[in-house]
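We use all heavy atoms of the structure for the numbers below, so side chains are in, but hydrogens, waters and symmetry mates are not. The structure displayed is predicted, hence computed values, not measured ones.
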Amino acid sequence: MSGEQKQYFTDNLIFKDLNSSNLRFYFVLRNMLDFLLALFGLLITAPILLFFCLIIKLESKGPAFFLQERVGLNGKLYYVIKLRSMDVNAEEKGAQWALKNDPRVTKVGSFIRKTRIDEIPQLINILKGDMSLIGPRPERPMFTEQFNKEISGFKNRLVVKPGITGWAQVNGGYEISPEEKLKFDLHYIQHLSFFMDLKIILKTIKVVLTGDGAR
């Protein structure tokens, strides 16, 4: 385990050895699968992205895509790419935590959030190596620091790449508290395996079809 990874561990938490031979193989294979699946996903969803880019532009002024700084593996900062689901002036009064039935969300935005279509451009983040298909949901720097002060060990979730979907995302989505999110993320890290990833993919399909956890 690298020194960078160790800095995010607390004494009262016991994790798998992320440097074990089994997990090294898991990460190498998963990185390859992430890249191939992201590339394939972009190719087959390109018409969907183009369609919603047009609809977003027609409904409100501003760019179709939305870039926002997030915290990734070992605290590295990067810009997440999403389809814009809010008005362009949504944070003119400063950063705000998204709410259920948030009035800043556009009509198109409400649909693409519920169906998770707004997340598709993050496949580009996967190709760049910033994210994985599966992992903890990336937070903004200010919220990461705030939660880490309020919740002991919150940064422990940064020992793996953030993901488009994950154990926390499919077990509560936007509705869960930071404490619950940490609990789910640590459970995932402690049980890293392709079987766990498969469970998350199947639950993700259900979330996409039902819209559970959207806001």
For this session: Might you work through the side chain to side chain contact (heavy atoms under 4.5 Å, CB included) test for Leu42 and Leu127, ending with a clear yes or no?
Result: CA-CA 10 Å; Leu42 279 174; Leu127 294 180; 3.5 Å; yes
Problem set entry | Electrostatic pair Glu139:Lys155 at N-O distance under 4.0 angstrom | no
Exercise. Could you go step by step and tell me if Leu133 and Leu123 meet the side chain to side chain contact (heavy atoms under 4.5 Å, CB included) rule?
Worked result: CA-CA 8 Å; Leu133 282 173; Leu123 293 173; 4.0 Å; yes
Exercise. For Lys206 and Leu209, what are the C-alpha separation, side-chain angles and deciding distance, and is it a side chain to side chain contact (heavy atoms under 4.5 Å, CB included)?
Worked result: CA-CA 5 Å; Lys206 179 182 177 182; Leu209 293 177; 5.9 Å; no
Problem set entry | Stepwise side chain to side chain contact (heavy atoms under 4.5 Å, CB included) check, Phe147 with Lys181 | CA-CA 11 Å; Phe147 296 151; Lys181 181 182 297 185; 5.6 Å; no
For this session: Specify the closest pair of heavy atoms between Arg157 and Ile189, including all atoms of both residues, with the distance to one decimal.
Result: CA-CD1, 3.8 Å
Exercise. Which heavy atom in Val71 sits nearest to a heavy atom in Pro162, and how many Å separate them?
Worked result: O-CG, 4.4 Å
For this session: Would you name the heavy atoms of Lys203 and Trp167 that are closest together and state the gap between them?
Result: CD-CZ3, 3.8 Å
For this session: Please determine, by modelled atom types, if Asp197 and Tyr188 share a side-chain donor-acceptor pair under 3.5 angstrom.
Result: yes
Exercise. Has the side chain of Gln169 got a donor or acceptor atom that lies under 3.5 Å from a matching backbone atom of Gly135?
Worked result: yes
Exercise. Is it the case that one hydrophobic cluster holds both Leu83 and Ile48, taking links as side-chain heavy atoms less than 4.5 Å apart, direct or via other members?
Worked result: yes
Seminar exercise, completed: Tightest non-hydrogen contact, residues Ile126 and Phe35, listed as CG2-N, 4.4 Å
Exercise. Does Thr144 offer a backbone N or O that forms a donor-acceptor pair with the side chain of Asn148 under 3.5 Å?
Worked result: no
Exercise. Taking Arg70 for the side chain and Pro138 for the main chain, is one N or O donor matched with an acceptor at less than 3.5 Å?
Worked result: yes
Exercise. Does Lys161 use its side chain to pair, donor to acceptor, with the backbone of Gly129 at less than 3.5 Å?
Worked result: yes
Exercise. Do other residues, nucleotides or ligands put more than 12 heavy atoms under 6.0 Å from the OH atom of Tyr79?
Worked result: no
Exercise. Is the side chain of Lys57 donor-acceptor paired with the backbone N or O of Gly62 at a distance under 3.5 Å, no angle test?
Worked result: yes
Exercise. Side chains of Ser60 and Arg84: donor-acceptor distance under 3.5 Å anywhere?
Worked result: yes
Problem set entry | Asp118-Ser85 side chain donor-acceptor pair, cut-off 3.5 Å | no
Exercise. Minimum heavy-atom separation for Leu43 to Pro47, with atom names?
Worked result: O-CD, 4.2 Å
